[in-house]
S.K.: 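This is the structure, below, for whatever I ask next.
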Amino acid sequence: MMTDEEFENYQIYKSKMDNMLEIGELSAMKEAYEKIFRQEAEKKCRMLLRMGKCEHPALQKLYDNNKKLKKELSDFYFITINPKSDIELQEFKSMILGVWNWCWIEKMYVVLEQRGATDEERGYLPHAHILIEQCNNEWGKIQSQFKDKFKNICGAPYENTINVKSKAREWLDDKLEYILGKKTDGNKPEKQHQDKIWREENNIKEYYKFELSTDKKSSNTGGARNNTGVKKGTKRGKYKKKFTQESEPNDIKVVNEKVKISF
């Protein structure tokens, strides 16, 4: 049995503990609400910055400058696709040019080549190089998407037949010279000459360049992407409408009125 004094002390202690628990609970709730509010505020701020509608000009300018700098310093991607020998050339060409369908690509170059160096060898082992200069995607996801698209026409091991490399920006000019035909692989003019004849025989351009014009606006609406045939689940970003060019029915190009394509 507690004495009256002990019971009184117990009641005081219990009251203090209840107050402390109540204060602790209120404090925890406050922290939780502050965290949720902060996350929502940050989410809204990022959305407004991406849309270019931030109410604070200095913050918007900083965001735009950082985004531009990040793009200028980011790696580019150089992809080589080596199909199986029994794959029909025009089918392969269409699949390669169809990469432009992917909504995360902003600028890319394509060149199709063969490995023959004589008239007799011309057309031997056709393959393609794709240079993605600007995009909104990560290396791992890019590698997976290329593998998923081309694994049925390429043999294993896929790291040799579907080769996706991330390159530092300082190597861009070197790779562009190769794509544009200003530099040969191993300095082989005979092969380059056969490439030219082979392309003319098969209605293939010297190289293909795909680029979004500067006034093209991005869209984050899934419905718009779905309407243009972009596969569900792809990264948010710029989308393009499909059209088939009459003069080259085997070329799959994805553009709209504000997308610039040059050869």
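The shown structure was predicted, so the numbers you read here are calculated from the model rather than taken from an experiment.
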S.K.: Begin with the C-alpha distance, continue with both residues' side-chain angles, and end with the deciding distance and a verdict on side chain to side chain contact (heavy atoms under 4.5 Å, CB included) for Trp104 and Lys141.
M.R.: CA-CA 11 Å; Trp104 48 267; Lys141 294 180 180 178; over 6 Å; no

S.K.: For Arg122, which residues count as a salt bridge (Lys or Arg N to Asp or Glu O under 4.0 Å) partner, sequence neighbours excluded?
M.R.: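 Arg122: salt bridge (Lys or Arg N to Asp or Glu O under 4.0 Å) contacts with Asp119, Glu201.
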
S.K.: Once rounded to the nearest 0.5 Å, what's the spacing between atom CD1 of Ile79 and atom CD1 of Ile96?
M.R.: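 Taking CD1 in Ile79 and CD1 in Ile96, the distance rounds to 9.5 Å.
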
S.K.: Is it true that Trp139 and Met108 fall in one hydrophobic cluster, defined by side-chain heavy atoms closer than 4.5 Å?
M.R.: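 Yes, same cluster.
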
S.K.: According to salt bridge (Lys or Arg N to Asp or Glu O under 4.0 Å), who are the partners of Glu120, at least two apart in sequence or on a separate chain?
M.R.: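 Expected list: none.
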
S.K.: Under the side chain to side chain donor-acceptor pair (under 3.5 Å) rule, collect the residues that match up with Gln60, sequence neighbours excluded.
M.R.: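 Gln60: side chain to side chain donor-acceptor pair (under 3.5 Å) contacts with Asp64.
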
S.K.: May I ask whether Leu176 and Trp171 are part of the same hydrophobic cluster, defined by side-chain heavy atoms of I, L, V, M, F, W, Y residues being less than 4.5 angstrom apart, directly or through others?
M.R.: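 In one cluster with Leu176: Trp171, yes.
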
S.K.: Does any N or O in the side chain of Gln114 come within less than 3.5 Å of the main-chain N or O of Gly116, such that one atom is a donor and the other an acceptor?
M.R.: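 Judged by distance alone, yes, a pair lies under 3.5 Å.
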
S.K.: Under the 3.5 angstrom rule, does the side chain of Lys93 hit a backbone N or O of Asn203 as a donor-acceptor pair?
M.R.: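 Between the backbone of Asn203 and the side chain of Lys93 there is a qualifying donor-acceptor contact (under 3.5 Å).
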
S.K.: Does anything in residues 158-167 pair up under side chain to side chain donor-acceptor pair (under 3.5 Å), and if so which pairs, sequence neighbours excluded?
M.R.: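 Side chain to side chain donor-acceptor pair (under 3.5 Å) check on residues 158-167 returns Asp75-Ser166.
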
S.K.: Does Gln39 CD have over 12 foreign heavy atoms under 6.0 Å away?
M.R.: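 It does: Gln39 CD has more than 12 such atoms within range.
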
S.K.: Roughly how far, to the nearest 0.5 Å, is CG of Asn82 from CZ of Phe92?
M.R.: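 That separation rounds to 7.5 Å.
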
S.K.: Restricting to salt bridge (Lys or Arg N to Asp or Glu O under 4.0 Å), what partner residues turn up for Lys35, sequence neighbours left out?
M.R.: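 Partners of Lys35 by the salt bridge (Lys or Arg N to Asp or Glu O under 4.0 Å) criterion come out as none, since no residue qualifies.
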
S.K.: Might you point out which heavy atoms bring Ile153 and Met95 nearest each other, and give the distance in Å?
M.R.: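 That closest heavy-atom pairing would be CD1-SD, 3.8 Å.
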
S.K.: The criterion is salt bridge (Lys or Arg N to Asp or Glu O under 4.0 Å); which residues satisfy it with Lys107, sequence neighbours excluded?
M.R.: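 Partners of Lys107 by the salt bridge (Lys or Arg N to Asp or Glu O under 4.0 Å) criterion, ordered by chain and then number, come out as Glu133, Glu211.
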
S.K.: Is there any ring pair (Phe, Tyr, Trp, His ring centres under 6.0 Å) pair reaching into residues 106-135, and which pairs are they, with sequence neighbours excluded?
M.R.: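 Checked against ring pair (Phe, Tyr, Trp, His ring centres under 6.0 Å) - neighbours excluded - the pairs reaching residues 106-135 are Phe78-His129, His127-His129, His129-Tyr178.
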
S.K.: Within this structure, what is the CG-CG distance for the pair Leu172 and Leu131, rounded to the nearest 0.5 Å?
M.R.: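 Result: 6.0 Å between the selected atoms.
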
S.K.: Would you please name every residue forming a ring-ring contact (aromatic ring centres under 6.0 Å, His included) with Phe146, sequence neighbours left out?
M.R.: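 In terms of ring-ring contact (aromatic ring centres under 6.0 Å, His included), with neighbours along the sequence ignored, Phe146 is linked to Trp102.
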
S.K.: For Glu121, give me all partners under side chain to side chain contact (heavy atoms under 4.5 Å, CB included), at least two apart in sequence or on another chain.
M.R.: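 So Glu121 forms a side chain to side chain contact (heavy atoms under 4.5 Å, CB included) with Ala117, Thr118.
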
S.K.: Could you work out, with side chain to side chain contact (heavy atoms under 4.5 Å, CB included) as the rule, every residue matching Leu62, not counting sequence neighbours?
M.R.: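 With sequence neighbours excluded, Leu62 shows a side chain to side chain contact (heavy atoms under 4.5 Å, CB included) to Asn66, given in chain and number order.
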
S.K.: With sequence neighbours left out, what residues match His193 under side chain to side chain contact (heavy atoms under 4.5 Å, CB included)?
M.R.: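 By the side chain to side chain contact (heavy atoms under 4.5 Å, CB included) rule, His193 matches Ile197.
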
